[in-house]
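See structure below.
Residue numbers run from 1 in the order of the sequence given. Remember, it's 1-based here, ligands and their atoms both numbered in the order they're listed.
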Amino acid sequence: MKQEIKKKQIAILGSTGSIGTQALQVIAEHPDRFEARVLTANSRWQLLAEQARQFKPAAVVIANEAHYEALREALQDLPIAVYAGSEALCQVVESSEVDMVLTAMVGFAGLPPTIAAIRARKPIALANKETMVVAGELINSLCREYEVPILPVDSEHSAIFQSLVGEVSPIEKIILTASGGPFRTFTREQLETVTPAMALKHPNWDMGAKITIDSASMMNKGFEVIEAKWLFGVEPDRIQVVVHPQSVVHSAVQFADGAVKAQLGVPDMRVPIQLAFSFPERLQSSFDRLDWFTMHDLTFEAPDTERFRCLALAYEALDRGGNAPCIVNAANEIVNRAFLEGRCRFLQMADVIAETLDRASFIKQPTYEDYLHSDQEARRLAASLL
Ligand code: NDP
Ligand code: MG
């Protein structure tokens with residue numbers, strides 16, 4: 001008799017976003033393997049209701065409580081539990097039915113439910129890099145305590161993770177590739193006047209607004225250096241950012257003998273999402289394949305941290321340690337939003353972050369409460385500097 005594989009029950013935090021919707025496409029491609037158990041959103045309740053109708057999760061959560069009634073009404077004919085508020089996000093991931101939690105929310109808000117999921121011993125498919133930026137050390141110690149694996153979804157970290165499969169020797173160097181974003185070739189003068197609309201046009205990836213702006217400023221790459229440090233236990237001086245505008249080499253690892261292993265592919269986030277769901281197996285996919293004879297130029301260049309100061313600020317935060325990355329993340333969330341809303345110039349973002357980092361209270365060994373506190377303090381400071 002053919003053995004039925006139990007379907008993996010997945011909770012998607014942030015199912016209405018760029019990663020969340022692509023995760024649902026992966027689930028739809030493999031109905032025999034995966035089921036969406038929990039779906040959540042912040043305020044886009046109509047889309048959440050549509051997703052719930054299609055995927056029939058056991059529960060949905062709308063973080064913004066103002067939309068609770070509307071969502072409940074939209075789903076009243078279905079046997080789906082409807083919850084609201086950020087507390088509920090932490091509770092739904094703890095359900096004994098959930099086998100894996102995909103953290104696809106944006107920003108610091110991802111930290112509390114990620115911690116709740118780890119404490120409930122749920123394997124984490126990690127897209128929400130801000131969690132590792134803010135509290136990588138704490139997350140690692142919780143993962144050790146509760147024996148919880150983290151499967152990286154960020155394309156670079158998935159590539160590094162894949163390059164490490166089967167290796168027992170230490171990493172000599174991580175080569176973290178970066179597209180360079182839409183302003184890679186801009187002069188400082190040109191960067192003075194770039195607009196949100198220009199920043200939102202990323203050359204290779206279609207992502208949520210926040211990470212797209214972070215990619216334009218290269219803060220995203222800075223965050224990925226911090227994420228790599230905590231995920232792979234490698235110090236920052238062994239993490240080299242390499243600008244690779246074509247986004248085909250998703251990142252690489254160099255070993256003691258000089259050998260370099262990389263993972264390549266078409267830029268498509270569904271590949272790392274699917275792998276995080278299915279690891280150690282690889283499942284069939286209908287996604288595009290690389291076409292070796294149309295890829296004429298794969299180029300590599302050094303990043304310019306003078307024009308893209310945010311990248312340098314992330315290294316500085318790592319160097320200072322403690323709550324410094326938490327401060328940088330909070331200040332960045334404030335300036336990112338302000339830039340999108342036309343209240344902050346592009347180059348001013350790094351100025352405000354640097355100033356916030358200098359002024360906010362430094363804590364060498366922060367606790368979880370310290371992170372909550374630092375986050376609030378840095379947000380207030382950054383907002384006052386705008
Ligand atoms: P989006 O902005 O597209 O989606 C964010 C999701 O989180 C939405 O479902 C949104 O709900 C929800 N959300 C936002 N704020 C809150 C909140 N305060 N409480 C609860 N839910 C909230 O983001 P992305 O999908 O682009 O990114 C998600 C995460 O993945 C980020 O951390 C990003 O850095 C990371 N990532 C993304 C990549 C990409 O290709 N997009 C690549 C690598 C990493 P609503 O729709 O209602 O607003
Ligand atoms: Mg990335």
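- Among the atoms of Thr16, some N or O lies under 3.5 angstrom from an N or O of ligand 1.
- Taking all heavy atoms of Glu130, Glu224, Glu156 into account, the minimum distance to atom 32 (O) of ligand 1 is reached by Glu130.
- Nearest non-hydrogen protein atom to atom 43 (C) of ligand 1 is Asp154 OD1, 3.1 Å.
- Each of the following atoms of ligand 1 lies closer than 4.0 Å to a heavy atom of Ala41: 11 (O), 47 (O).
- Lys173 places no side-chain N or O within donor-acceptor distance of the main-chain N or O of Asp237, the cut-off being under 3.5 Å.
- For the residue pair Asn204 / Ser247, a side-chain donor-acceptor distance below 3.5 Å is found, with atom types taken as modelled.
- Gln263 places no side-chain N or O within 3.5 Å of a backbone atom of Ser163 that could act as its donor or acceptor partner.
- Looking at Ala104, Gly208, Gly14, it is Ala104 that brings a heavy atom closest to atom 5 (C) of ligand 1.
- Across Leu47, Val133, Asn42, heavy-atom proximity to atom 11 (O) of ligand 1 is greatest for Asn42.
- With Ser217 contributing its side chain and Cys310 its backbone, the two residues share no donor-acceptor pair below 3.5 Å.
- In terms of protein heavy-atom proximity, atom 41 (N) of ligand 1 is closest to Ser18 OG, 3.1 Å.
- Aromatic ring centroids of Phe279 and Phe161 lie under 6.0 Å apart.
- The aromatic rings of His67 and Trp45 lie parallel to each other, with less than 30° between the two planes, well short of the 60° mark.
- For the residues Ala127, Pro267, Gly107, the heavy atom positioned nearest atom 35 (C) of ligand 1 is part of Ala127.
- With hydrogens and angles disregarded, a donor-acceptor distance shorter than 3.5 Å links the side chain of Arg44 to the backbone of Thr16.
- Excluding waters, the count of protein N/O/S atoms less than 2.8 Å from the Mg ion (ligand 2) comes to 3.
- Between Met105, Lys129, Lys210, it is Met105 that holds the heavy atom closest to atom 31 (C) of ligand 1.
- Numbered from 1 in the order shown, with element, the atoms of ligand 1 that lie under 4.0 Å from a heavy atom of Ala109 read 17 (C), 18 (N).
- When the heavy-atom distances from atom 38 (C) of ligand 1 to Ile273, Ile19, Ile12 are ranked, the shortest goes to Ile19.
- For the pairing with Arg53, the side-chain contact (heavy atoms from CB on, under 4.5 Å) check across Asp77, Leu48, Ile80 returns one residue only, Asp77.
- Interface of Ser43 with ligand 1, defined as ligand atoms under 4.0 Å from a residue heavy atom, comprises 45 (P), 47 (O).
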Could you pull out all donor-acceptor pairs under 3.5 Å where a side-chain atom in residues 193-201 meets a protein atom, sequence neighbours excluded?
unit_1 : atom_1 : unit_2 : atom_2 : d
Thr193 : OG1    : Gln190 : O      : 3.3
Thr195 : OG1    : Met198 : N      : 3.2

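- When Ile211, Val106, Asp206, Thr40 are checked for heavy-atom proximity to atom 15 (N) of ligand 1, Val106 turns out nearest.
- Put simply, the side chain of Asn220 never gets that close to the backbone of Ile211: no donor and acceptor are under 3.5 Å apart.
- Heavy atoms of Ala63 found under 4.0 angstrom from ligand 1 belong exclusively to the side chain.
- A salt bridge does not link Arg37 to Asp99: none of the charged side-chain nitrogens sits closer than 4.0 Å to a carboxylate oxygen.
- For the pair Ser141 (side chain) and Leu138 (backbone), a donor-acceptor distance under 3.5 Å is present.
- Residue-to-ligand polar distances place Gly17 within reach of ligand 1: an N/O pair is separated by less than 3.5 Å.
- For Phe308 and Phe183, the distance between ring centers is not under 6.0 angstrom.
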